[in-house]
Amino acid sequence: MAEDGLRIGGLSSGLAVVLDGDDRRESYQRTRLVSYCDDFGDQSVERTLEHIFDLPYKSIKPLSCSIDAKVVRSVINNEFLKYHINRKAGTDRKREGVFIAGDCCKHQAIRIEESSICGDIRIVKPPFIVESHSLFSSARANACVWKGKWMYEVTLETSGIQQLGWAPLSCPFTDHKGVGDADDSYAYDGKRVSKWNKEAQDYGQPWVVGDVIGCCIDLDGDEISFYRNGVSLGLAFIGIRKMVPGLGYYPAISLSQGECCELNFGEIPFRYPVKGFLPIQPPPTRSSIATDLLNCFRRLIEMQRVGRAEFSSVEKLRRLKRFVSFEKLSHPVSRGICEELFSTLVAEDGSTKYIGCGPLLSLIMEVFRIHPPHDYMSLDNILDSFLEFPESRILFEHIISSLSTFCKTAPLSLTDVPYTGSYAYLALACHILRREEVMTLWWKSSDFDLLFEGFLSRKSPNKQDLQGLLPSVWWPGSCEDTSNEASLFLTTAALSEAIDKVEEKQRDLCRLVMQFVPPTSPPQLPGSVFRTFLQNILLKNRGADRNLPPPGVSSNSVLVSLFGIILHFLSEGFGDICGWMKDSGVSDVGFLHRGGQQAFPVGLFLKNDPHRVVIPRLGGSYNHLAKSHPISNEQHDEVIRWEEGCMDDEEDRVTHLSKQKPCCCSTYDDDFTRISKDSIRCMAKGSRGHFSSIRERSAHVAAECSTSSLNDDIADKPSTSDQSESEFGFRSMHQMRYVPRENNVSSATLKEEELLDAMLLLYHLGLAPNFKQASLYMSRQSQSIILLEEVDKQVREKVCGEHVKRLKEARSVYREEVMDCVRHCAWYRASLFSRWKLRGMYAACMWIVQLLLILSREDSVFIYIPEYYLETLVDCFHVLRKSDPPFVPATILLKQGLTSFVTFVVTHFNDPRISSAELRDLLLQSISVLVQYKEFLAALECNEAAMQRMPKALLSAFDNRSWVPVTNILLRLCKGSGFGSSKRGESSSSSSVIYQKLLREVCMHDDELFSTFLNHLFNTLSWAMTEFSVSTREMQETYKVLEFQQRKCTVIFDLSCNLARVLEFCTHEIPQAFLSGADTNLRRLTEVIVFILNHLISAVDFDLFDVFLRRPGTPPEKVNKGMILAPLAGIILNLLDASRESDTGENDMVGIFASMDFPDTVVSGLQSLLEYNWASLFSGDDYLKKIRQLEIFSGLLISQSEVVEVERIGHGGETEHDESICCICYTCQANAQFVPCSHVSCFGCISRHLLNCDRCFFCNATVLEVLKTDVNAERGPLLNLEE
């Protein structure tokens, strides 16, 4: 029997168990022996303790008593400490060459030297999160170095202009100069990607928020270098001056206004330590002992893991009791270690923070595991052991703080997807904070909001980071390897899944905060803590939308994350944790998708909360409205109710409860998601790497909108933990307390309508800039691809070697820019355009636009609506329209859910209750976009409100401010009807016969409106051509074609062409306005035509026309002389056709053209029309007939001009002194008189003048009326301006 015990399962006698132990010198992962037993059960406790405390064999004498914490502490003090202190003797590195001023205690603390501060640097969070509140602030630390290799770290809270580095005492700090701006001071600035030593030189990489910059100085080699997230940026400075002891280099920073960073001189372990460089501040002297004790705890946990493992030899040895089980030793050993650890930490200032942020957190992360499956059981054992001691509270405060910081600094890594970035830290934080005592500890801390923001942060990549995340790029028409397309698709999908994992954990954390009931009196309902945090965030970020935000605003990623969290809750539901919300009647279906009866508390708009008062309202500022339109108490308590879809036509109504569902709940979304997943799987088959598909929720028609919950998980997920509950499923807080709803309970809790209001403001502050940036990259990508293709074409055509060389250099630049744009677009696609986000944004658009339409009926409330409601509505719609890949086909985007959007924009773009001209322009620009696409134009043609109001409103809006978008809208509605436009494909794009008819009817039935519109059109076209002429003359005179001037000329030329096309449309649809009645309109039209032709001939050499206007990559058909000549020819032809077809024309076209000054200019201008190559604008020979008409008109004009000139010569002496002739035009009789000043002129000149000014052009007196003075006519008033 004894002999059988010598060999069990292949193990020699005395081998009780094999563990992954701690290597005494190198690694604790090495396999080693634990306990040696000659007889059954002998000495197993002692040998096990030797393993745990990493002691030599039989260094612990046989124990005569049972194991408890006291015995364990005795082992630690008598054997463990002596052995490890002796073992480490002589291994500490000498710290010579550093001086810390101002502290006489053992643990010298480095701090900002207050006497060195120039400007206004404030401490946001003690001791080292600092922020500049002046234009430029600088400061030094109270420590210097003159020998050795040293470093400190800077974590960027913002990513603007900061100069980080080293400076001696002699470096002067001023309002304009800081670190790196003087001799012997050296700095790195990642905003400007430069290094500074009196002058700037290119260096490093652009930095982003969350970067950790390592500032290293090697005084042995006289070098300074910088690291970004542990990666060297190269040597920055060499040959720096040697310093004498006590007068060395000081860590120093300079920050521009609003910039913020966190400094770490060694108070806690570095995030990215650099080998060979020491922290300026030494670690606590007892930190090594504490670290060794934590290593003992690590080995204890490893025993538990091995005990759970299914090793047959271990199971046999356990049954034979050849070693002490974990259960028997766990509590006394862990308690003894903790008691000794806390005793060690209390003995020295700073050691608790150092250990909590470093070794203890490392132990917890190692036990928990960065990737699933997470070891919750082992982690809970650690938490249980530490939380028994009140001293652990401060440790957990530091752990939570470090986890928050790590979430801000954690980069995404392609090798770790999908569990990368801040996922592991968030998952650990969620598990720790499920314990109510830890959550309470966090909530009571003064930094609760700041740490919460850290958890919600997400680090964005810079250009170099994106190259690592997306190594292969592809774009349509590229010459890249075809495999790059699949690679780009897969890596984008992998990044999207990784971001989804992070966002999921952020939602879990927010659910924990929502369900937390703070220990206050009176008791509060769940959700009150999250509500308070949300209000503080909104208050803190007042002004975040300014061009220069004030100091102290949150990181953009915090606002983006918070928006996504709230959007998910409102769209997909809160999940299973919010029983307190279900008690109040909240359905499982997401708030935005419920349909049916809707309600909104009007008081949300009328409150004067601190974060709301400064927000501009549709009617103006809150303070102004409160005085001019005071609100009653009854209105504050009012709740407005409506039925979903009530503002739409009944036959076209689409709601969440109707048979046909909105796009956000349609089967198309389900089909698209399935197709996307299938395509990912298909591509993955031929890929070497393994990536999971993007996890998206399916959208089922009936299930979402009626009976089932929007909160169902996508699928039954297998457990990835060694616990029974799923890693991905949300687990509620331990010992959660539910507070009953009573009268004495605080009402400050979460409401879905309030969350919606906050979400819209967060979109305005955080998401809108991101989507704008994404749109810019998409536009840049398209432009760069065009330029690249143009250069490739020229390379193929050119034979000159030197020119080809320059073209290839340009191609390299364009290709690099295209690749950069492709990567950025892919990043935005992964981070912003998730389908569940687009689905939620669509539902939010439906909700907001119906609310705005309902409230627009109540003037007293409508004017109080914050402007960001309207801005977010419009921006969300355009995001959905431009999403890549498309959210839904354009044909149903408006039709299935957003017909109310069309109604709102067409009825409110000229609403006088909206005080902001920028907002009205925003709505007008939305109409301009809608009419570009036939799918959206069809929605406008089917919208009753649009057809009734838009034509007249557009003509009314054509004023000094809104003429550009109105011109674009009118042009697109009338596209294809002009002379020479058919070959360019305009007729097949977006013209609308319906709106052309409506516009004609408005012009014919409202003479005053049409007259005002024509006057503005004439004036604007004359101004545009004048600007074009001046700009081209400047380029001709300087012989330089600058990009800015070329762009300006191109824009003005396009506007001039568009205005001329609109004028051509007027002559085609309403020719009688020019041919009948007074000749004012026809005369002004003639003057404009002559004016344009004269400027084209005199200002621009037609040979240089292309050089001035055509930018690189622009095809000839997009910019040519025919674009402006064609509408002029069309105007003349329209009026000629109308004159021939109708006998009612009273005005002589030829006569008015011939009466213009400088008839030679008029004739030469018409000749340029005839000489143009019109064949390039037409298909076939149909245009020849039209050209023949112009030739006949030109011949008649030449004849008539000769007659007029003869008459002028013959009557020159008479007209010179004839007082009856108008002294303005010297052509007509002075038959009208101003009242009251009595000056006279012809009626035509007076009428034209009064269109733009109501003062006499002789004496500047205000004109009250105009009287007839013609002796042959009855005297009486022609115009009464007072009416």
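Side-chain atoms of R972 and Q932, non-hydrogen and from C-beta on, do get closer than 4.5 Å to each other. Within the 4.5 Å cutoff, side-chain heavy atoms of R617 are placed close to those of R612. You'll find the side chain of L919 reaches within 4.5 Å of the side chain of E871, heavy atoms only. Side-chain contact check for L488 versus W475: every heavy-atom pair is 4.5 Å or farther apart. Side-chain contact between R839 and F887: present, with at least one pair of heavy atoms (C-beta onward) separated by less than 4.5 Å. At least one side-chain heavy atom of L894 sits under 4.5 Å from a side-chain heavy atom of L898. Counting only heavy atoms from C-beta outward, the side chains of L832 and K837 never approach each other to under 4.5 Å. Using a 4.5 Å heavy-atom threshold, the side chains of D449 and I537 count as separate.
Judged by distance alone, the side chains of T891 and E935 never bring a donor and an acceptor atom under 3.5 Å apart. Checking S784 against R815 by side-chain atom types alone, no donor-acceptor pair falls below 3.5 Å. Between K459 and S557, the side chains place no donor N or O within less than 3.5 Å of an acceptor N or O (distance only, hydrogens not considered). No side-chain N or O of D500 forms a donor-acceptor pair with one of S834 less than 3.5 Å apart. Checking Y868 against D875 by side-chain atom types alone, no donor-acceptor pair falls below 3.5 Å. In summary, the side chains of E453 and S554 do present a donor paired with an acceptor at a separation below 3.5 Å, with no hydrogens or angles considered.
T409 places no side-chain N or O within donor-acceptor distance of the main-chain N or O of D211, the cut-off being under 3.5 Å. In terms of modelled atom types and a separation under 3.5 Å, the side chain of T492 and the main chain of A826 share no donor-acceptor contact. At least one donor-acceptor pair under 3.5 Å links the side chain of Q850 to the backbone N or O of M846. Under the 3.5 Å distance criterion, the side-chain polar atoms of S194 are matched with a main-chain donor or acceptor of R192. Checking side-chain atoms of S915 against main-chain N and O of L618 turns up a donor-acceptor pair under 3.5 Å. Side chain of S782 to main chain of M778: a donor-acceptor pair is present (N/O by atom type, distance under 3.5 Å, no hydrogens or angles). Listed for the T872 side chain is a donor-acceptor partner under 3.5 Å among the backbone atoms of L760. Side-chain atoms of N541 do not come within 3.5 Å of backbone N or O of V553 as any donor-acceptor pair. A side-chain donor-acceptor contact under 3.5 Å links N229 to the backbone of V212. Side chain of S883 to main chain of L880: a donor-acceptor pair is present (N/O by atom type, distance under 3.5 Å, no hydrogens or angles).
The two residues G468 and L414 have their closest heavy-atom pair at O-CD2, 4.2 Å. Between R823 and L470, the shortest heavy-atom contact is NE-O, 2.8 Å. Of all heavy-atom pairs spanning S916 and E867, the tightest one is CB-OE2, 3.5 Å. Pairing each heavy atom of C261 with each of Q162, the nearest pair is CB-OE1, 3.6 Å. Between W207 and G160, the closest heavy-atom pair is NE1-O, 3.3 Å. Across every non-hydrogen atom of C510 and L456, the tightest pair is SG-CD2, 4.1 Å.
For the atom pair Q781 CD and C825 SG, the distance stands at 4.5 Å (nearest 0.5 Å). The distance from the OG1 atom of T155 to the CD1 atom of I213 is 9.0 Å, given to the nearest 0.5 Å. Between atom NZ of residue K463 and atom CG of residue D820 there is a gap of 5.0 Å, rounded to the nearest 0.5 Å. Atom CG in L412 sits 8.0 Å away from atom OG in S422 (nearest 0.5 Å). The OH atom of Y842 sits 3.5 Å away from the SG atom of C663 when rounded to the nearest 0.5 Å. Once rounded to the nearest 0.5 Å, the distance linking CG of L851 with OG of S900 reads 11.5 Å.
Using a cutoff of 4.0 Å between basic side-chain nitrogens and carboxylate oxygens, D911 and R913 are scored as salt-bridged. In this structure, R780 pairs ionically with E817, as a charged nitrogen and a carboxylate oxygen lie closer than 4.0 Å. Salt-bridge annotation for R228 and D465: present, with a side-chain N of the basic residue lying under 4.0 Å from a carboxylate O of the acidic one. For R961 and D921, the salt-bridge test passes: some basic side-chain N is under 4.0 Å from an acidic carboxylate O. Here K408 pairs with E157 in a salt bridge; the nearest charged N to carboxylate O distance falls below 4.0 Å.
A cation-pi contact links R507 to W836, judged by a cut-off of 6.0 Å to the six-membered ring centre and 45° from its axis.
By the 30° and 60° cut-offs, the orientation of the rings of Y777 relative to Y828 is tilted. Ring geometry for H908 against F862 counts as tilted: the plane angle lies between 30° and 60°, on a 0 to 90° scale.
Dense packing is recorded around NZ of K540, with more than 12 heavy atoms of other residues, nucleotides or ligands lying under 6.0 Å away.
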Exercise for review: Kindly indicate, with the supporting measurements, whether the criterion side chain to side chain donor-acceptor pair (under 3.5 Å) is fulfilled by Q257 and S132.
Suggested key: CA-CA 5 Å; Q257 186 170 21; S132 171; over 6 Å; no
Review point. L1059 and L971: side-chain contact (heavy atoms from CB on, under 4.5 Å), yes or no, with the steps?
Key: CA-CA 8 Å; L1059 290 166; L971 178 69; over 6 Å; no
Exercise for review: Report the C-alpha separation of V849 and T903 in whole Å, then their side-chain angles, then the decisive distance to 0.1 Å, and conclude whether the side-chain contact (heavy atoms from CB on, under 4.5 Å) test is met.
Suggested key: CA-CA 9 Å; V849 74; T903 303; over 6 Å; no
Point to revise | Intermediate values then yes/no, side-chain contact (heavy atoms from CB on, under 4.5 Å), E790 and Y814 | key: CA-CA 10 Å; E790 181 72 16; Y814 291 144; over 6 Å; no
Point to revise | Step-by-step side-chain contact (heavy atoms from CB on, under 4.5 Å) determination, V124 to C260 | key: CA-CA 9 Å; V124 177; C260 183; 4.3 Å; yes
Review point. After noting the C-alpha distance and the side-chain angles of W474 and F489, does the key distance pass the ring-ring contact (aromatic ring centres under 6.0 Å, His included) rule?
Key: CA-CA 9 Å; W474 178 89; F489 189 92; over 10 Å; no
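No option in V902, V905, V906 other than V906 meets the side chain to side chain contact (heavy atoms under 4.5 Å, CB included) test with M950.
No close placement of the Y622 and F605 rings is indicated, their centers lying 6.0 Å or farther apart. Not less than 6.0 angstrom separates the ring centroid of F904 from the ring centroid of F901.
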